[in-house]
Amino acid sequence: MAEVSQAWLDRVERAQQMAAERLGVDVSSMLPPRDISEGEAAETAPPTQAAAPQPEPAAVAAEATPEPAPQTEPAPVAEAEPVATAVAPAEEAPTEVAAATAEAQAPTTVQSNGSVAAAAERVAPVGRAAVLEGFETGQEGINRREFLSYAWGGALTLLTLESGLATYQFMYPRFREGEFGGKFILGDATALPQIGIDPEGNSTGKFWLINTDEGPRALYMVCTHLGCLYKWEPSNNRFECPCHGSKFDREGHYIEGPAPRSLDQFLVEIVEGGSIVSQTEDAGDFISAPAQPSPEAEIVVDTGKRLQGKPKALSPAKAVPS
Ligand code: FES
């Protein structure tokens with residue numbers, strides 16, 4: 001034990017010398033190493049180790065002696081703990097970064113109550129409104145108010161067009177061929193009754209068709225008095241109204257009765273080669289019939305064009321002076 005203490009004293013002495021050289025002081029000013037006994041060495045050895053943490057002697061001893069000094073060995077261990085502590089947060093850092101990333105990517109998870117469903121419900125109306133706005137408009141840059149304005153404008157325009165079309169059709173009705181108000185294509189001259197025989201009634205066209213020396217005529221079936229349907233009386237060879245007794249000859253001229261005028265007539269057209277060669281015309285004091293058709297001609301009655309009968313005073317067939 002005494003040898004160990006002496007060796008330790010030698011090292012202390014060398015350390016003092018080296019320190020004096022570094023500090024530039026006289027080594028004699030330092031306290032000489034004490035000559036300790038075996039008992040003192042046993043008592044003083046621990047305090048020496050306890051004094052090892054003093055920085056300067058320990059550092060000098062570490063540099064002077066290649067072998068590790070006893071008092072310097074604990075130092076790395078003491079410094080290793082902070083390193084381990086510093087590493088530990090580094091290992092935990094990815095977890096925090098991941099949490100921050102998840103927080104940024106899913107803001108709904110950052111709620112005071114931590115309820116994702118509640119956050120989604122609060123966000124949903126805003127998102128739904130934005131989606132509806134974009135969906136309803138279907139165009140970027142058009143909001144809901146503008147879309148509704150356009151819709152109302154379109155509806156009003158369509159309503160105006162429909163009203164105009166209905167008014168036009170009411171004022172200028174168009175009838176199909178073969179229906180009252182339209183044209184009746186009777187065919188060639190063989191479709192006409194022979195001259196001097198009874199007239200033929202056409203209930204669909206509401207006219208009596210007769211043939212005379214002047215040409216064919218189509219008499220409107222309605223009485224010119226109050227609108228009754230008069231009849232052909234073969235026995236009297238004239239038309240008679242059952243309502244008030246007005247009478248007309250076979251060409252529609254007024255004979256007698258309360259009717260104010262002769263019978264109305266529809267326009268009769270003689271068509272050859274697609275062109276009208278003759279037709280019923282208003283001659284002023286009377287209504288002229290079209291010319292007799294040729295065998296190639298086509299007879300057309302236009303029930304959309306009615307010529308009003310002449311006043312009874314102008315009738316060549318009147319029986320009672322007015
Ligand atoms: Fe024909 Fe009166 S309706 S005479």
Side-chain angles (χ1 to χ4, degrees), residues 169-187 189 191-270 278-293 299-322:
Q169 290 180 340
F170 177 78
M171 297 179 65
Y172 305 99
R174 300 180 64 85
F175 299 95
R176 292 178 297 180
E177 182 180 306
E179 69 178 15
F180 183 73
K183 290 186 175 182
F184 286 77
I185 300 176
L186 304 180
L192 294 174
Q194 294 182 353
I195 298 174
I197 67 171
D198 295 344
E200 296 178 358
N202 188 316
S203 58
T204 304
K206 301 180 181 178
F207 61 86
W208 290 97
L209 183 64
I210 63 173
N211 199 0
T212 65
D213 295 335
E214 292 80 17
R217 295 179 185 271
L219 307 177
Y220 187 31
M221 284 184 170
V222 177
C223 178
T224 56
H225 180 217
L226 295 178
C228 289
L229 295 179
Y230 57 85
K231 302 296 183 183
W232 173 252
E233 289 294 335
S235 57
N236 297 326
N237 196 31
R238 64 185 182 187
F239 295 105
E240 296 180 1
C241 182
C243 295
H244 309 98
S246 295
K247 299 174 177 61
F248 310 89
D249 68 7
R250 61 190 317 275
E251 296 183 8
H253 298 132
Y254 170 86
I255 298 176
E256 61 181 13
R261 65 181 189 270
S262 298
L263 296 176
D264 298 339
Q265 301 182 34
F266 291 126
L267 184 70
V268 179
E269 300 173 341
I270 308 299
S278 182
Q279 63 183 6
T280 308
E281 292 181 354
D282 188 344
D285 292 342
F286 62 95
I287 296 175
S288 65
Q292 284 291 341
I299 295 91
V300 178
V301 178
D302 190 352
T303 58
K305 296 178 181 178
R306 180 160 56 96
L307 288 77
Q308 194 174 61
K310 297 303 176 182
K312 58 184 181 183
L314 299 177
S315 176
K318 61 182 179 183
V320 180
S322 58

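We number each residue from 1, following the sequence as shown. Atoms within a ligand are numbered from 1 in the order they appear, just like the ligands themselves.
Using cut-offs of 30° and 60° on the angle between ring planes, the pair Tyr254 and Phe248 is perpendicular.
Protein N/O/S atoms closer to atom 1 (Fe) of ligand 1 than 2.8 Å number 2 in this structure.
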**Request:** List the steps, then state whether side chain to side chain contact (heavy atoms under 4.5 Å, CB included) holds for Asp285 with Lys310.
**Result:** CA-CA 7 Å; Asp285 292 342; Lys310 297 303 176 182; 5.9 Å; no
**side chain to side chain contact (heavy atoms under 4.5 Å, CB included) between Asn211 and Gln292, intermediate numbers included** = CA-CA 9 Å; Asn211 199 0; Gln292 284 291 341; 3.0 Å; yes
**Message:** Between Tyr230 and Leu219, does the side chain to side chain contact (heavy atoms under 4.5 Å, CB included) criterion hold? Intermediate values first, please.
**Reply:** CA-CA 11 Å; Tyr230 57 85; Leu219 307 177; 3.8 Å; yes
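Using a 4.0 Å cut-off between a side-chain N of Lys or Arg and a carboxylate O of Asp or Glu, Lys231 and Glu233 do not qualify as a salt bridge.
For His225, the ring-ring contact (aromatic ring centres under 6.0 Å, His included) test picks out His244, with sequence neighbours left out.
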